[in-house]
2 protein chains.
Amino acid sequence: MRYFVALAETLHFGHAAARMNMSQPPFSRQIAAIEKTLGVRLVERNSRNVALTPAGQHFLADCRAVLEGFDAACRDVRLVAGGMKGELKLGFMMHAAHSVIPALVRLYSEARPDVRLILEERIPTDIEEMLAEGRLDAAVTFGAGPAPHLRTQLIARDRLCLIVPAGHRLAAGEPAGPQSLAGERLIAAPATVAPTLRTAIATYCASAGITPHFAFEPRLQHTIIRLVQEGLGVALIPQSLCGDLAEGVVARLLVDAPEFDVVLCAPRAGRNPAVPELFAVAGRA
Amino acid sequence: MRYFVALAETLHFGHAAARMNMSQPPFSRQIAAIEKTLGVRLVERNSRNVALTPAGQHFLADCRAVLEGFDAACRDVRLVAGGMKGELKLGFMMHAAHSVIPALVRLYSEARPDVRLILEERIPTDIEEMLAEGRLDAAVTFGAGPAPHLRTQLIARDRLCLIVPAGHRLAAGEPAGPQSLAGERLIAAPATVAPTLRTAIATYCASAGITPHFAFEPRLQHTIIRLVQEGLGVALIPQSLCGDLAEGVVARLLVDAPEFDVVLCAPRAGRNPAVPELFAVAGRA
DNA sequence: CCATTCGATACCCCAAAAGCATCAATCGAC
DNA sequence: GTCGATTGATGCTTTTGGGGTATCGAATGG
């Protein structure tokens with residue numbers, strides 16, 4: 001096809017052959033071979049003139065399109081392999097959507113505009129499973145225990161703070177400690193959804209010898225806040241969610257507040273070459 | 001590329017090689033060669049599993065598109081060479097637009113729906129020139145003298161008839177003969193536009209010893225009719241144009257009306273394979 | 001622990017493609 | 001009109017690339 005395009009552009013066998021870095025005889029034979037395999041006369045030639053037939057005209061346009069597609073495919077596959085292009089499936093737990101995800105996505109999209117970020121908002125346990133199965137390339141989640149098969153990088157540290165309805169006995173005064181939670185109806189996501197948070201809450205209570213009483217166990221942090229707003233209990237939620245609380249809800253600092261990591265993680269065996277830049281961006285964020 | 005697509009679809013070197021009608025070792029080498037020339041790992045393989053890398057996934061889609069384009073190009077070039085597809089530049093003189101062209105175009109488009117008809121409405125002298133220069137593949141025009149370099153086929157015979165303003169002295173009574181035109185202001189296209197018509201009119205007048213007086217010489221037959229309508233003269237126009245005359249214009253038969261041929265013609269040296277079917281259709285029309 | 005499966009490697013061979021020399025046709029110049 | 005130059009086609013030789021067979025090594029499953 002390149003031979004034919006060269007011939008069509010020069011209309012001269014010798015010059016076209018030179019452009020293809022070969023001598024004229026094999027070039028002529030190649031053109032003849034193309035015509036034979038196609039069973040179609042592409043160029044009308046005598047020893048003095050070379051002209052395209054109508055079929056040749058049409059074929060020229062098609063050849064250019066095919067060759068351009070071919071070259072683009074070869075170029076793109078290198079970009080994909082270099083992580084400059086392609087797709088990246090990024091999972092994240094819901095509350096990260098309100099803290100690190102927006103900045104991370106923005107920075108990454110600036111660094112890799114041709115990588116299509118596919119955002120998957122899931123609960124932490126699902127994220128873990130999807131990472132293991134390769135259905136996610138990377139994820140932003142809680143920093144759980146050491147996971148040897150995961151590359152992990154700290155993005156942020158967060159801490160729990162207490163939210164109570166306005167007018168609640170803990171809504172003012174000294175910062176609350178774990179013992180303040182005695183007798184309170186707690187609202188928290190179930191352990192199957194966010195084990196890290198749940199464990200942190202349980203440990204915090206246990207440090208004061210308290211057995212927490214969970215009145216409701218919704219899955220979404222926003223639901224928790226709403227329930228607190230309605231006076232149905234109190235909750236310990238990540239501080240990053242306390243920025244713009246609804247009316248009627250008060251956030252309080254906790255004494256010795258439980259802290260936890262928000263990390264970016266990806267399978268070490270992951271093959272997506274677009275992932276490393278995500279860690280680079282996360283390090284700068 | 002076909003090798004890679006086969007491998008990507010089977011994810012099995014042996015099976016893919018069989019699909020390509022070859023044995024597994026050279027097939028493995030080809031895949032390795034592709035990866036080497038691209039400088040990109042396309043498939044992750046060990047002796048037990050074969051899986052595409054992200055780059056391979058992307059490349060697979062591109063390969064399918066390129067191969068499909070390639071196959072389509074090979075298929076289409078045969079269609080073009082067979083006259084089943086492509087373009088056909090068809091010239092025609094203006095008055096043919098009202099007689100043979102509509103039916104001819106309809107029949108041809110039904111027979112060759114993938115041939116794009118490019119209609120060029122021109123004056124007969126231009127048509128002749130454009131045919132000679134190859135800027136037209138075929139044309140519908142007046143049957144002039146024998147032209148050895150043209151393939152010619154009669155489509156219709158037409159004759160001149162007289163049009164006069166309503167109320168004109170020739171608007172009723174016996175059919176007019178050439179002598180009736182004596183003293184009339186004639187309106188006709190100039191010889192440079194339609195030599196055949198002009199010659200026919202001149203010959204007709206000469207047969208009665210009359211020297212015609214041309215009052216106006218517009219290029220378009222429709223302009224002629226309008227001028228007649230305004231009472232500015234009389235005209236001899238092709239009968240095929242007399243079908244739907246405007247109000248105020250009367251068409252009359254002529255005694256011994258000059259006849260002329262409307263022919264389809266194309267250069268015998270023409271290379272457009274879509275032309276022969278045009279003659280076939282014209283023969284049936 | 002052995003047999004089987006599957007991709008990789010080694011070696012060989014052939015055919016396709018490239019190079020070289022030459023021919024034939026065409027066109028321009030004198 | 002003849003000669004020379006240009007240009008595509010053809011014949012022959014060489015080389016390279018792609019394919020075949022045999023075999024190896026790793027991984028898997030009974």
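Throughout, protein chains are lettered first and strands after them, A, B, ... in sequence-line order, and every chain is numbered starting at 1.
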Exercise. Do B:Arg29 side-chain and D:dG17 base share a donor-acceptor contact under 3.5 Å?
Worked result: no

Over all strands shown, is [X] touching base, sugar-phosphate only, or nothing at heavy-atom distances under 4.0 angstrom?
X: A:Asn46; value: sugar-phosphate
X: B:Arg45; value: sugar-phosphate
X: A:Gln30; value: sugar-phosphate

Consider the side chain of [X], meaning its heavy atoms from C-beta on, and name the nucleotide among [options] that approaches it most closely.
X: B:Val50; options: D:dG19, D:dG8, C:dG7; value: C:dG7
X: A:Pro26; options: C:dG19, D:dG8, C:dT9; value: C:dG19
X: A:Met22; options: D:dG8, C:dG19, D:dG19; value: C:dG19
X: B:Arg48; options: D:dG8, C:dT5, D:dG18; value: C:dT5

Problem set entry | Ionic contact status for A:Arg135 with A:Asp126, cut-off 4.0 Å | no

Using a cut-off of less than 4.0 Å, is there contact between a side-chain N or O of [X] and OP1 or OP2 of [N]?
X: A:Tyr3; N: C:dA17; result: no
X: B:Ser23; N: D:dG19; result: no
X: A:His12; N: D:dG8; result: yes
X: B:Ser28; N: C:dA8; result: yes

Exercise. Looking only at side chains, do B:Gln24 and B:Ser28 share a donor and an acceptor under 3.5 Å apart?
Worked result: yes

To the nearest angstrom, how far is [X] atom [atom1] from [N] atom [atom2]?
X: B:Asn49; N: D:dA27; atom1: CG; atom2: C1'; value: 9 Å
X: B:Lys36; N: D:dG18; atom1: NZ; atom2: P; value: 12 Å
X: B:Phe27; N: D:dG17; atom1: CZ; atom2: C1'; value: 17 Å
X: B:Glu44; N: D:dA27; atom1: CD; atom2: C1'; value: 16 Å
X: A:Leu11; N: D:dG8; atom1: CG; atom2: C1'; value: 14 Å
X: B:Arg2; N: D:dG19; atom1: CZ; atom2: P; value: 14 Å
X: B:Ile34; N: D:dG17; atom1: CD1; atom2: C1'; value: 14 Å
X: B:Ile31; N: D:dG18; atom1: CD1; atom2: P; value: 13 Å

State whether the side chain of [X] and the backbone N or O of [Y] hold a donor-acceptor pair below 3.5 Å, judged by distance alone.
X: A:Gln153; Y: A:Phe279; answer: yes
X: B:Asp261; Y: B:Phe142; answer: no
X: B:Arg198; Y: B:Ala189; answer: yes

